[in-house]
There are 2 protein chains.
Amino acid sequence: MQELLHPDLPFRLNGRLWIEGPTERFMGIGRLELLEKIDRLGSISRAAQEMQMSYKRAWDLVTSMNQQAREPLVSTQAGGKQGGGAVVTEAGQQMIREFTALQARFQAFLAEESRHLAQ
Amino acid sequence: MQELLHPDLPFRLNGRLWIEGPTERFMGIGRLELLEKIDRLGSISRAAQEMQMSYKRAWDLVTSMNQQAREPLVSTQAGGKQGGGAVVTEAGQQMIREFTALQARFQAFLAEESRHLAQ
DNA sequence: GGTCGTTATATTTTCTCAAACATAACGCTT
DNA sequence: AAGCGTTATGTTTGAGAAAATATAACGACC
């Protein structure tokens, strides 16, 4: 493949992986990151902020995941101490672990194919 | 993973793969299809038509590929018999073969991971 | 009861990408 | 020379997605 690419330009193999339901996406790299940040920060709004994402978008993503999962991945509370917050449930934790692992295998696939590509 | 997904909904693992240069995409599944159709039809406009794509977009994609490749993947002629046309070069043929093979390995990866996912 | 920071939700605005549209140039054919 | 179908290229329009904006509800805490 290398001999087909312009010699002066750096090329890179890249890709995306996701799980989709019948009408919308269920899980992907962006949603995974959002889950991780919610887990770490205990708040959808702070997670959104850290991802440079509007709160509404983050909230919509959480709703989409919760509705498509067997049980909610994120549990929320409006009002209460510090105004409320959000916690990643045990199901959510498991989702983080499994999709992270899948993502890692995908990265390994990309790396291996990149080797092929280069030589 | 199965136990995390809503039991009433059908889920599917999906993904995309592409080769990117420093500023823009170089090769992907859409560009591959375009190359194949140009090869079969001998014309950018007819290939675009068959892909439900505007001629301009198809032409822009061809230009992008040609500029990033070591040598053009598509050779064009404006004017002449039947108004002109386009042919996929030997480099283009090779690109079709190699990216198709890569794509097949990726589909195999997805299928294997889907098995994991389901059970 | 008022304040605070958060979730919850609808509406409006902005951005981005592809489509649509519009011409010109090209070179065989008649 | 005119016609044809194609490549070549710029400009305008449109649709969809994301951001921005706006408000309400919530519940602990002071």
Side-chain angles (χ1 to χ4, degrees), chain A residues 16 18 20-21 23-35 37-69 71-89 92, chain B residues 16 18 20-21 23-35 37-69 71-89 92:
Chain A
R16 283 291 161 89
W18 64 87
E20 61 192 21
T23 62
E24 52 180 338
R25 184 162 302 196
F26 171 55
M27 188 54 52
I29 181 69
R31 291 169 188 238
L32 175 66
E33 275 182 41
L34 182 59
L35 281 181
K37 286 197 196 300
I38 292 172
D39 192 32
R40 181 158 54 78
L41 301 169
S43 150
I44 295 177
S45 70
R46 291 181 61 195
Q49 204 173 331
E50 203 169 277
M51 288 190 77
Q52 320 259 58
M53 176 189 291
S54 69
Y55 169 78
K56 174 167 177 38
R57 171 140 182 76
W59 185 86
D60 283 345
L61 291 174
V62 168
T63 299
S64 166
M65 288 188 278
N66 277 349
Q67 284 175 347
Q68 292 185 88
E71 51 185 302
L73 305 184
V74 175
S75 165
T76 61
Q77 187 197 357
K81 77 167 62 168
Q82 288 162 317
V87 303
V88 175
T89 64
Chain B
R16 283 292 161 87
W18 64 86
E20 60 192 23
T23 61
E24 53 181 336
R25 185 162 300 197
F26 171 56
M27 187 54 53
I29 181 67
R31 290 168 189 238
L32 175 66
E33 276 182 40
L34 182 59
L35 281 182
K37 287 199 196 300
I38 292 172
D39 192 32
R40 181 159 52 80
L41 300 169
S43 152
I44 295 177
S45 70
R46 290 181 62 195
Q49 204 174 330
E50 204 171 276
M51 288 190 76
Q52 321 259 55
M53 176 189 289
S54 69
Y55 169 78
K56 174 164 177 41
R57 171 141 182 77
W59 185 87
D60 283 345
L61 291 174
V62 167
T63 299
S64 166
M65 289 188 278
N66 277 350
Q67 285 175 346
Q68 293 185 88
E71 51 184 301
L73 305 184
V74 174
S75 166
T76 61
Q77 188 197 356
K81 77 167 63 169
Q82 289 160 314
V87 303
V88 174
T89 65

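The shown structure was predicted, so the numbers you read here are calculated from the model rather than taken from an experiment.
Between A:Ile44 and B:Ser54, the one whose closest nucleotide on DNA chain C sits nearer the 5' end is A:Ile44. Each of B:Ala78 and A:Gln52 was matched to the nucleotide of DNA chain D holding its nearest heavy atom; the match closer to the 5' end belongs to B:Ala78. Residues B:Lys56 and B:Ser45 each lie close to DNA chain D; by heavy-atom proximity, the contact nearer the 5' end of the strand is made by B:Ser45.
Interface residues of residues 57-66 of chain B facing DNA chain D, ordered by number: B:Trp59; criterion, heavy-atom separation under 4.0 Å. For the contact set between residues 80-89 of chain B and DNA chain C, defined by any heavy atom under 4.0 Å, the members are B:Gly80, B:Lys81.
Among residue pairs with one or both ends in residues 23-35 of chain A, those qualifying as side-chain hydrogen bond (donor to acceptor under 3.5 Å, both in side chains) are A:Glu24-A:Ser64, A:Arg31-A:Ser64; sequence neighbours excluded.
B:Thr89 and B:Pro72 get closest at one heavy-atom pair: OG1-O, 2.8 Å. Heavy atoms only, all atoms of each residue included: B:Ala86 and B:Val74 are closest at CB-CG1, 3.9 Å. Residue B:Leu32 comes nearest to B:Met27 through the heavy atom pair N-SD, 4.0 Å, listed as atom of the first residue, atom of the second, then distance.
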Side-chain donor/acceptor pairs under 3.5 Å, residues 51-61 of chain A, sequence neighbours excluded:
| residue | atom | partner | partner atom | Å |
| --- | --- | --- | --- | --- |
| A:Ser54 | OG | A:Arg57 | N | 3.2 |
| A:Lys56 | NZ | A:Asp60 | OD2 | 3.1 |

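Judged as a side chain to side chain donor-acceptor pair (under 3.5 Å), and not counting sequence neighbours, the contacts of A:Asp39 are A:Gln93. In this view, A:Lys81 satisfies the salt bridge (charged side-chain N to carboxylate O under 4.0 Å, His left out) rule with no residue, not counting sequence neighbours. For the salt bridge (charged side-chain N to carboxylate O under 4.0 Å, His left out) test, residues two or more places apart in sequence or in another chain that qualify with A:Glu20 are B:Arg12. Residues meeting the salt bridge (charged side-chain N to carboxylate O under 4.0 Å, His left out) test with A:Arg40, sequence neighbours left out: A:Glu50.
The only option from B:Leu35, B:Ile44, B:Leu73 that meets the side-chain contact (heavy atoms from CB on, under 4.5 Å) definition with B:Val62 turns out to be B:Ile44.
Boundaries of the chain B contact region on DNA chain D are D:dG5 to D:dT11, first to last in 5' to 3' order (nucleotide atom under 4.0 Å from a heavy atom). Here the range on DNA chain C touched by chain B, meaning any atom under 4.0 Å from one of its heavy atoms, is C:dA18 to C:dC28.
Under the 4.5 Å side-chain criterion, counting only non-hydrogen atoms from C-beta, A:Ile38 is not in contact with A:Arg46.
Distance CE/A:Met65 to CG/A:Leu34: 5.0 Å, rounded to 0.5 Å.
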